[in-house]
K.L.:
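The structure that follows is given in the form of C-alpha cells.
Numbers here are sequence positions counted from 1. What you see is a predicted model, and the numbers here were worked out from it, not measured in a lab.
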Amino acid sequence: MNTTITATAKYIPEKILSNFDLEKIVDTTDDWIKSRTGITKRHIVQEGEATSDMCANIAKKLLKSSGKTPEEIDIIIIATSTPDHFVVSTAAIVQDKIGAINAWGYDLTAACTGFIFALETGARLIESGKYKNAIIIGADTMSSIIDYKDRNTCVIFGDGGGGVLIEQTDDDYGIIDSILKTDGSGNQFLTVPAGGSRKPASETTVKQRLHYVYQDGKTVFKYAVNRMSEVSKEIIEKNKLSSHDIKLFIPHQANQRIIDATARKCGLDLDQVFVNIDKYGNTTAGTIPIAIDEANKMNLLESGELLLLAAFGGGFTWGSMLIRWGKML
C-alpha cells in the first residue's frame, strides 16, 4: 500500500506588498531586493485574518476538488510556525471550521521544512492501514512575526499556504522515499527569540523587539545550499536515479540564489526547477505546497513522472522527498 496525492490547493491573501511599498518603509530598493532575493512582491493577510483562516480555505478547496465530504477526513496535519494560538492547535480550529467531525489532528513545527515533515508523517499514518484520507497543509502568516523595520528580513517573507489531500493507493504512484534531517545546534541562527517558555512575553522583550524573526543570513544561506543539495543528491542516488530522471524539482522558495545554487549542485537544468519566489516571497511552510498546486494546475507533471521536493529551515531542519506523480481526482 502506498500513499498518493489526489488533490492540491493553495491560498494567497489578496493584499500585495511590493518592493516599491517596502522602499517607503525601510532603507531598500526594488533593484536591491530583486538582485539579492529574486522577489518582486509578496502577499500579506488582511487585518483579522489568521493562519487558520488560510488553512480552512485550503481545506475546503481540497474537499471540493476531490469530491470528499468533511466527514470522510481522518487526519488534519498543519505545518506552521505561526499558529493562531499556542495552546489550541490550528489543526483543531480548522477541523471545526470545515466540519471534519471524524478527524483528529495537530500542528507540526519545523519551520520551512514543515510541509515535507508533515507529508511524511501523514503518509506513514495512511500506510498503517488505519486511516484512509488526510489533509496536509503548510501555511504561515509571517507578517505577524516580521519586523518591518528590519530590512534583512522584511523583504524576504510573505503570507500564504497550500495543501494536499493524500489517501491510500495500491498503484505504484505516491511517495517513494524521503530523507529528513534535524540539527538543533543551528537554532541560534534562525529563530524568534522571545514568546516561548525560554523568554516569556514581557515589557522588556517587546521593547527589545524579540518577538520577531531573527536571521543570520550568511550562515543560513550557506547551510541551506549545502544541506538541500546534499539530501537531494542522496535521495536520487539511493533510488538508483540520475538528475535527468527528475521531471520537476520543487525546492523551498527562500531565495533565488539558493534555488539556483542548489539546482547546480544537483546537476539539474533550469527547466526542471519550479520557481515562484518572485510572486510570493518566502511563505515558510507554505512555499512547497503552493508550488505543488501551481505545478499541478499548470499540468507540469503527468502521471508516473518523478517529483523531487527539498527544503531547509530554522532549527536547523532539512529534507528531501521523492514522489511518483499520480492521477488527480
K.L.:
What distance separates N133 CG from S66 OG, expressed to the nearest 0.5 Å?
P.N.:
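Between N133 CG and S66 OG, I get 8.0 Å after rounding to 0.5 Å.
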
K.L.:
Strictly distance-based, threshold 3.5 Å: is any side-chain N or O of N226 a donor or acceptor partner for the main-chain N or O of K222?
P.N.:
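It does hold such a pair.
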
K.L.:
Which atom pair, heavy atoms only, marks the closest approach of I288 to A311?
P.N.:
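Of all heavy-atom pairs spanning I288 and A311, the closest is CD1-CB, 3.8 Å.
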
K.L.:
Find out whether D278 and I39 are in side-chain contact, i.e. whether some heavy atom of one side chain is under 4.5 Å from a heavy atom of the other.
P.N.:
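SC-SC contact between D278 and I39 ruled out.
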
K.L.:
Is it the case that the side chains of S178 and E120 hold a donor-acceptor pair, with the cut-off being a distance below 3.5 Å and no angle test?
P.N.:
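Note: E120 and S178 side chains meet the donor-acceptor criterion.
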
K.L.:
Taking it one step at a time, do C112 and W318 satisfy side chain to side chain contact (heavy atoms under 4.5 Å, CB included)?
P.N.:
CA-CA 8 Å; C112 303; W318 68 100; over 6 Å; no

K.L.:
If you count every heavy atom of other residues, nucleotides or ligands that lies below 6.0 Å from D172 atom CG, does the total exceed 12?
P.N.:
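Incorrect, the count does not exceed 12.
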
K.L.:
Would V164 and L119 satisfy side chain to side chain contact (heavy atoms under 4.5 Å, CB included), going step by step from the backbone distance to the final call?
P.N.:
CA-CA 9 Å; V164 298; L119 186 54; 4.0 Å; yes

K.L.:
When rounded to the nearest 0.5 angstrom, what distance separates CZ in F312 from CE in M228?
P.N.:
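So the CZ of F312 and the CE of M228 are separated by 9.5 Å.
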
K.L.:
Shared ILVMFWY cluster between F115 and I323, side chains joined below 4.5 angstrom?
P.N.:
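Yes; I323 is reachable from F115 via cluster members.
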
K.L.:
For the residue pair T121 and I77, what are the closest heavy atoms and their distance?
P.N.:
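Here T121 and I77 meet closest at CG2-CD1, 4.2 Å.
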
K.L.:
If I take atom CD1 from residue I277 and atom CD from residue Q253, how far apart are they, to the nearest 0.5 angstrom?
P.N.:
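Output value for this atom pair is 6.0 Å.
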
K.L.:
As a quick check of understanding, evaluate side chain to side chain contact (heavy atoms under 4.5 Å, CB included) for T204 and V206, giving each step before the final call.
P.N.:
CA-CA 5 Å; T204 299; V206 172; over 6 Å; no

K.L.:
Honestly curious: do L322 and F274 fall in one hydrophobic cluster under the side-chain, below-4.5 Å linking rule?
P.N.:
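No, it is not one cluster - the side chains of L322 and F274 are not joined through contacts under 4.5 Å.
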
K.L.:
On a heavy-atom basis, which atom in S144 and which in T82 lie closest, and how many Å separate them?
P.N.:
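Nearest pair, atom of S144 first, then T82: OG-CG2, 4.0 Å.
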
K.L.:
Which atom pair, heavy atoms only, marks the closest approach of I259 to P251?
P.N.:
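Reported closest heavy-atom pair: CG2-CG, 3.8 Å.
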
K.L.:
What I want to find out is whether K279 reaches E294 closely enough, with some N-O distance under 4.0 Å, to be called a salt bridge.
P.N.:
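Looking at K279 and E294, the cut-off is met.
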
K.L.:
May I ask you to decide whether K238 forms a salt bridge with D177, counting only side-chain N to carboxylate O separations under 4.0 Å?
P.N.:
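Salt bridge between K238 and D177, a charged N being under 4.0 Å from a carboxylate O: yes.
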
K.L.:
Under a 4.0 Å N-O cut-off, is there an ion pair linking K132 with D74?
P.N.:
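Judged by the 4.0 Å cut-off on N to carboxylate O distance, K132 and D74 do not form a salt bridge.
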
K.L.:
Would you tell me whether T141 and T51 have side-chain atoms, one donor and one acceptor, within less than 3.5 Å of each other?
P.N.:
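Yes.
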
K.L.:
With the threshold set at 4.0 Å, does a side-chain nitrogen-carboxylate oxygen contact exist between R124 and E127?
P.N.:
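Salt bridge between R124 and E127, a charged N being under 4.0 Å from a carboxylate O: yes.
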
K.L.:
Looking only at non-hydrogen atoms, find the nearest pair between M142 and D159 and report the distance.
P.N.:
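Of all heavy-atom pairs spanning M142 and D159, the closest is N-OD1, 2.7 Å.
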
K.L.:
R151 and side-chain contact (heavy atoms from CB on, under 4.5 Å): which single residue from L22, V26, I25, I156 fits?
P.N.:
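Between R151 and the candidates, side-chain contact (heavy atoms from CB on, under 4.5 Å) is satisfied uniquely by V26.
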
K.L.:
Check side-chain contact (heavy atoms from CB on, under 4.5 Å) between K34 and all other residues, then give those that pass, not counting sequence neighbours.
P.N.:
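side-chain contact (heavy atoms from CB on, under 4.5 Å) check on K34 returns N19, D30, D31, T40.
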
K.L.:
Which heavy-atom pair separates G122 from I166 by the least distance, and what is that distance?
P.N.:
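Heavy-atom minimum between the residues: C-CD1, 3.6 Å.
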
K.L.:
Step through the shown structure and confirm whether more than 12 heavy atoms of other residues, nucleotides or ligands are within 6.0 Å of NZ on K64.
P.N.:
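Result for NZ/K64: open.
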
K.L.:
Just wondering, do L248 and E305 contact through their side chains at under 4.5 Å, heavy atoms?
P.N.:
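E305 vs L248: side chains apart.
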
K.L.:
If you measure only the distance, is there a donor-acceptor pair under 3.5 Å linking the side chains of D107 and T90?
P.N.:
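Yes - a donor-acceptor pair under 3.5 Å links their side chains.
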
K.L.:
Looking only at side chains, do N296 and T8 share a donor and an acceptor under 3.5 Å apart?
P.N.:
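N296 vs T8: donor-acceptor pair found between side chains.
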
K.L.:
Hydrogens and angles aside, do Y173 and S303 bring a side-chain donor and acceptor to less than 3.5 Å of each other?
P.N.:
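Looking only at side-chain atoms, S303 and Y173 do form a donor-acceptor pair, the distance falling under 3.5 Å.
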
K.L.:
About how many Å separate CD of E234 and CD1 of I179, when rounded to the nearest 0.5 Å?
P.N.:
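Going from the CD1 atom of I179 to the CD atom of E234 covers 3.5 Å.
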
K.L.:
Any side-chain donor paired with an acceptor under 3.5 Å for T169 and T4?
P.N.:
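No, T4 and T169 have no side-chain donor paired with an acceptor closer than 3.5 Å.
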
K.L.:
Please report the interatomic distance CD(Q215) to CZ(F189), rounded to the nearest 0.5 Å.
P.N.:
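Nearest 0.5 Å value for the CD-CZ distance: 12.0 Å.
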
K.L.:
Would you call K97-D53 a salt bridge at under 4.0 Å N-O?
P.N.:
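Result for this pair is yes, salt bridge flagged.
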
K.L.:
Centroid separation under 6.0 Å, is that true for the rings of Y223 and F316?
P.N.:
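Yes, the ring centres sit under 6.0 Å apart.
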
K.L.:
Closer than 4.0 angstrom, basic N to acidic O: yes or no for E167 and K68?
P.N.:
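Yes.
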
K.L.:
Applying the side-chain contact (heavy atoms from CB on, under 4.5 Å) test to I258, which of V220, V225, N282 qualifies?
P.N.:
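For I258, the side-chain contact (heavy atoms from CB on, under 4.5 Å) test succeeds with only one of V220, V225, N282, which is V225.
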
K.L.:
Would you say the side-chain atoms of N57 and K61 include a donor-acceptor pair closer than 3.5 Å?
P.N.:
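Yes, because at least one side-chain N or O of N57 sits under 3.5 Å from a partner of the opposite role on K61.
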
K.L.:
Are T283 and D140 close enough that a side-chain donor and a side-chain acceptor fall under 3.5 Å?
P.N.:
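Note: T283 and D140 side chains miss the donor-acceptor criterion.
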
K.L.:
In Å, rounded to the nearest 0.5 Å, how long is the span from CD of Q272 to CZ of F249?
P.N.:
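Q272 atom CD to F249 atom CZ measures 10.0 Å (nearest 0.5 Å).
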
K.L.:
Please determine, by modelled atom types, if T69 and E72 share a side-chain donor-acceptor pair under 3.5 angstrom.
P.N.:
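A donor-acceptor contact under 3.5 Å links the two side chains.
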
K.L.:
For T113 and H252, test the side chains for any donor-to-acceptor distance below 3.5 angstrom and give the result as yes or no.
P.N.:
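No - no donor-acceptor pair under 3.5 Å links their side chains.
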
K.L.:
Quick one: are I98 and I76 in side-chain contact, heavy atoms under 4.5 Å?
P.N.:
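Touching, per the 4.5 Å side-chain cut-off.
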
